[in-house]
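Encoded as structure tokens, the structure appears first; notes follow it.
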Amino acid sequence: MNYNSTRDSSCKVTAAQAIAQGISHEGGLFVPETLPVLTREDLQAMVGMSYNEKAKAVLSRFLTDFTKEELDYCVDSAYNDRKFDSANISELAKVGDSAYLLELWHGPTCAFKDMALQLLPYLMTTSARKTAPDKEIVVLVATSGDTGKAALEGFADVPHTRMLVFYPENGVSEMQKLQMTTQTGGNVSVCAIKGNFDDAQSGVKKIFTDPVIEAELAKNGQMFSSANSINWGRLVPQIVYYVAAYTSLVEQGEIELGETVNVTVPTGNFGNILAAYYAKLMGLPIGKLICASNKNKVLTDFIRTGTYDRNRDFYTTTSPSMDILISSNLERLLYQLCGKDDSVIRQWFGALAEKGCYSVSDSVREKLQAEFWGGFCDDEGTSSAIHHTFGEYGYLCDTHTAVAVKVYEDYVRETGDKTKCIIASTASPYKFCASVLPAITDEEIPSDPFEQAAMLERLSGMTPPASLMELKSKPVRFTDSVSREQMVDKVTEMLKA
């Protein structure tokens, strides 16, 4: 299988090239030329398999230039009991009559990004050995909170790599900030930026395509790659967990093989829900894809109107990993929906860069709305969903998962569609104690994040993740903060260190 660029369909690279490079030279995103098919028989064969076996069955269809031994090494190194506190890697929790929370946060950083970012370093170093054996890979990341720590954890001290992370100074939770700024590893560096996630993401994309920096890297025997979901190696592992979840529901007798389920995903950058869409195109019986936004509802408005407009107020919310106005992975979806017309993609995303908005054609809008339903939830609704889910079912969810729960309920109420639904649960509530606690208690909330965690444990009976509690004794290593305009200088400085 080969991969094209969304902005140049004539570009053709292998999976290893797409993963090692991260983004196409002209700024497009790599997508598979064709999507593999999962037949009913294929899905039946996966019923009863371990998560690793399911992962290999899916990934082998996309990474056709990887040998069986290479794929075994990558998958088994990523998904094991040293890194995940669940033997199943992910878990399903039934809430109510027809909703299943897919817990994707049992990895080392307690967020769904671990599902891909524990695997990506192995995919990337294996890819580099095939395509650029003499190069050091410089992994440049913009994060809204969870990607940064998950990438740092995955790449720390991985030979022949360097990891550089930028995060919005006031746009992450205290736990997320501590996770990043205390990160160990001789090849990692972290820096805050004075701005929001979109500023960080735009700055990183600009650096990726800067010819001066690229020439400097080439001179030093280095090459850029990305651990953000613009990298296909970040996105393809996410397809796996939807296939795994569906077949697990069959194993548990919750659904019949072939039965359609809906999927609800809280998302800002659109990668997590795009993976579910790809799984559906491959043959997984998915009905409606319910896209859940917070108050930064640019995706909700786009799905409902066909106009994408980032020229709006930016809100800092209690679900900070979704505080995004430029959703990178939407480009991959639109490339699919417009018949892989790269000229149309260049036009739309050129308009987004220049004017901050674009409108898709009527035919693309109709295709979009046939597949997706968009809803949003403000902070008050998020808190209400946490309160209700905990009070009604004894289940404590974080602020991002709560957005998905609320939007799913809105969808059922508005459409009457009671099809069973998988809801992506994207983080441990302990990462957002300061926002979760007021939803379940009237007690005064302490300011210290570890005292907050102790209170949450007392009220919920849920044991806090050891990896978060260990942060209390870890020294802070990274304290720098720069403007968006200073990011290039900071990258240059980091590379010389």
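Start at 1 with the first residue, then count along the sequence. What you are looking at is a predicted structure, and each value in this text was computed from that prediction instead of being measured.
- Across every non-hydrogen atom of Ala150 and Asp114, the tightest pair is CB-OD1, 3.6 Å.
- In terms of modelled atom types and a separation under 3.5 Å, the side chain of Arg484 and the main chain of Ser202 share no donor-acceptor contact.
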Give the intermediate values and the outcome of side-chain contact (heavy atoms from CB on, under 4.5 Å) for residues Ser60 and Leu71.
-> CA-CA 7 Å; Ser60 63; Leu71 196 56; 3.7 Å; yes
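- Environment of CD in Glu256: sparse, with no more than 12 heavy atoms of neighbouring residues, nucleotides or ligands closer than 6.0 Å.
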side-chain contact (heavy atoms from CB on, under 4.5 Å) between Leu330 and Leu299: does it pass, once the steps are laid out?
-> CA-CA 9 Å; Leu330 199 58; Leu299 285 169; 4.2 Å; yes
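- Annotation for Tyr51 and Pro237: closest pair OH-O, 4.4 Å, computed over non-hydrogen atoms.
- To the nearest 0.5 Å, the span separating OG1 on Thr317 from CG on Asp378 amounts to 10.0 Å.
- Residue Lys418 places its NZ atom among 12 or fewer non-hydrogen atoms of other residues, nucleotides or ligands, all under 6.0 Å distant.
- Side-chain contact check for Met124 versus Asn231: some heavy-atom pair is nearer than 4.5 Å.
- The shortest distance between side-chain heavy atoms of Ile423 and Leu102 does not fall below 4.5 Å.
- Using a distance-only test at 3.5 Å, with no hydrogens or angles considered, a donor-acceptor pair links the side chain of Lys367 to the main chain of Leu337.
- For the pair Ala78 and Leu119, the tightest heavy-atom approach, listed with the atom from each and the gap, is CB-CA, 3.6 Å.
- If you take CZ on Phe432 and OG1 on Thr318, they are separated by 9.5 Å, rounding to the nearest 0.5 Å.
- Interatomic distance, CD1 of Ile286 versus CD of Glu371, reported as 10.0 Å (0.5 Å rounding).
- At least one side-chain heavy atom of Met46 sits less than 4.5 Å from a side-chain heavy atom of Val58.
- With a 4.5 Å cut-off on side-chain heavy atoms, Phe302 and Leu368 count as touching.
- Enclosure of atom CG in Asp97 is not indicated, since only 12 or fewer non-hydrogen atoms of other residues, nucleotides or ligands lie within 6.0 angstrom.
- Taking SG of Cys74 as the reference point, atom CG of Leu120 lies at 10.0 Å (rounded to 0.5 Å).
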Given side-chain contact (heavy atoms from CB on, under 4.5 Å), test Ile345 with Leu334 step by step and report yes or no.
-> CA-CA 7 Å; Ile345 296 300; Leu334 294 179; 4.0 Å; yes
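- Of the possible polar contacts, none joining the Asn269 side chain to the Gly271 backbone as a donor-acceptor pair under 3.5 Å is found.
- Heavy atoms of other residues, nucleotides or ligands lying less than 6.0 angstrom from NZ of Lys472 number 12 at most.
- Looking at Asp76 and Tyr122, their side chains never bring a donor and an acceptor atom within 3.5 Å of each other.
- Relative orientation of the Trp232 and Tyr3 rings is tilted, given thresholds of 30° and 60° on the angle between their planes.
- The two atoms that bring Cys433 and Ala453 nearest to each other are SG-CA, 3.8 Å, heavy atoms only.
- Crowding of Lys474 atom NZ: a count of heavy atoms from other residues, nucleotides or ligands under 6.0 Å exceeding 12.
- In summary, of the residues considered (Lys149, Lys431, Glu153), a side chain to side chain donor-acceptor pair (under 3.5 Å) with Gln179 occurs for Lys431 alone.
- Taking the six-membered ring where tryptophan is involved, the planes of Phe270 and Phe372 are tilted, since the angle between them lies from 30° to 60°.
- Of the possible polar contacts, none joining the Ser327 side chain to the Asn329 backbone as a donor-acceptor pair under 3.5 Å is found.
- Between Met282 and Phe62, the closest side-chain pair of non-hydrogen atoms falls below 4.5 Å.
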Step by step, would you call Glu103 with Phe112 a side-chain contact (heavy atoms from CB on, under 4.5 Å)?
-> CA-CA 8 Å; Glu103 296 178 350; Phe112 82 100; over 6 Å; no
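- The 12-atom threshold is not exceeded at NE2 of His387, counting heavy atoms of other residues, nucleotides or ligands nearer than 6.0 Å.
- For Lys406 (side chain) and Thr401 (main-chain N/O), no donor-acceptor pair under 3.5 Å exists by modelled atom type.
- You'll find the side chain of Gln238 stays beyond 4.5 Å of the side chain of Tyr278, heavy atoms only.
- Side-chain atoms of Tyr79 come within 3.5 Å of backbone atoms of Met115 as a donor-acceptor pair (strictly under, hydrogens ignored).
- Residues Tyr411 and Val407 are not in side-chain contact: their nearest non-hydrogen atoms beyond the backbone lie 4.5 Å or more apart.
- Side chain of Ser225 to backbone of Ile19: a donor-acceptor contact under 3.5 angstrom is found.
- With values rounded to the nearest 0.5 angstrom, Phe166 atom CZ is found 13.5 Å from Gln201 atom CD.
- The local environment of CZ in Phe376 is sparse, with at most 12 non-hydrogen atoms from other residues, nucleotides or ligands closer than 6.0 Å.
- Side chain of Arg310 to backbone of Val298: no donor-acceptor contact under 3.5 angstrom is found.
- Between Tyr430 and the options Gln452, Glu457, Met175, a side chain to side chain contact (heavy atoms under 4.5 Å, CB included) holds for only Glu457.
- Residues Thr267 and Met322 come closest through the heavy atom pair N-CE, 3.7 Å.
- Residues Thr264 and Ala292 approach most closely at CG2-CB, 4.5 Å, considering heavy atoms.
- Looking only at distances, no side-chain donor or acceptor of Arg234 sits under 3.5 Å from a matching main-chain atom of Ile230.
- Using modelled atom types, one finds no donor on one side chain facing an acceptor on the other under 3.5 Å when comparing Thr399 with Ser435.
- Donor-acceptor pairing under 3.5 Å is lacking for the side chains of Thr143 and Lys113.
- The CZ atom of Phe208 lies 4.5 Å from the OG atom of Ser226; values are rounded to the nearest 0.5 Å.
- Remark: Lys94 pairs with Glu254 by the salt bridge (Lys or Arg N to Asp or Glu O under 4.0 Å) rule, at least two apart or across chains.
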Enumerate, atom names and distances included, each donor-acceptor pair closer than 3.5 Å involving a side-chain atom of residues 84-92, sequence neighbours excluded.
unit_1: Asp85; atom_1: OD1; unit_2: His106; atom_2: ND1; d: 2.7
unit_1: Ser86; atom_1: OG; unit_2: Asn88; atom_2: N; d: 3.0
unit_1: Ser86; atom_1: OG; unit_2: Ile89; atom_2: N; d: 3.4
unit_1: Ser86; atom_1: OG; unit_2: Glu91; atom_2: OE2; d: 2.5
unit_1: Asn88; atom_1: ND2; unit_2: Glu91; atom_2: OE2; d: 3.1

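- Side-chain contact, Thr419 with Asp417: a donor N or O sits under 3.5 Å from an acceptor N or O.
- Checking side-chain atoms of Thr300 against main-chain N and O of Gly375 turns up a donor-acceptor pair under 3.5 Å.
- Inter-residue side-chain proximity for Val165 and Phe478 is flagged as unmet; no heavy-atom pair is nearer than 4.5 Å.
- Donor-acceptor pairing under 3.5 Å is lacking for the side chains of Asp379 and Thr382.
- A donor-acceptor contact under 3.5 angstrom links the side chains of Lys54 and Ser248, judged on distance only.
- With Asn296 as the partner, the side chain to side chain donor-acceptor pair (under 3.5 Å) test is satisfied by one option alone out of Asp323, Asp313, Thr316: Asp323.
- Residue Glu380 places its CD atom among 12 or fewer non-hydrogen atoms of other residues, nucleotides or ligands, all under 6.0 Å distant.
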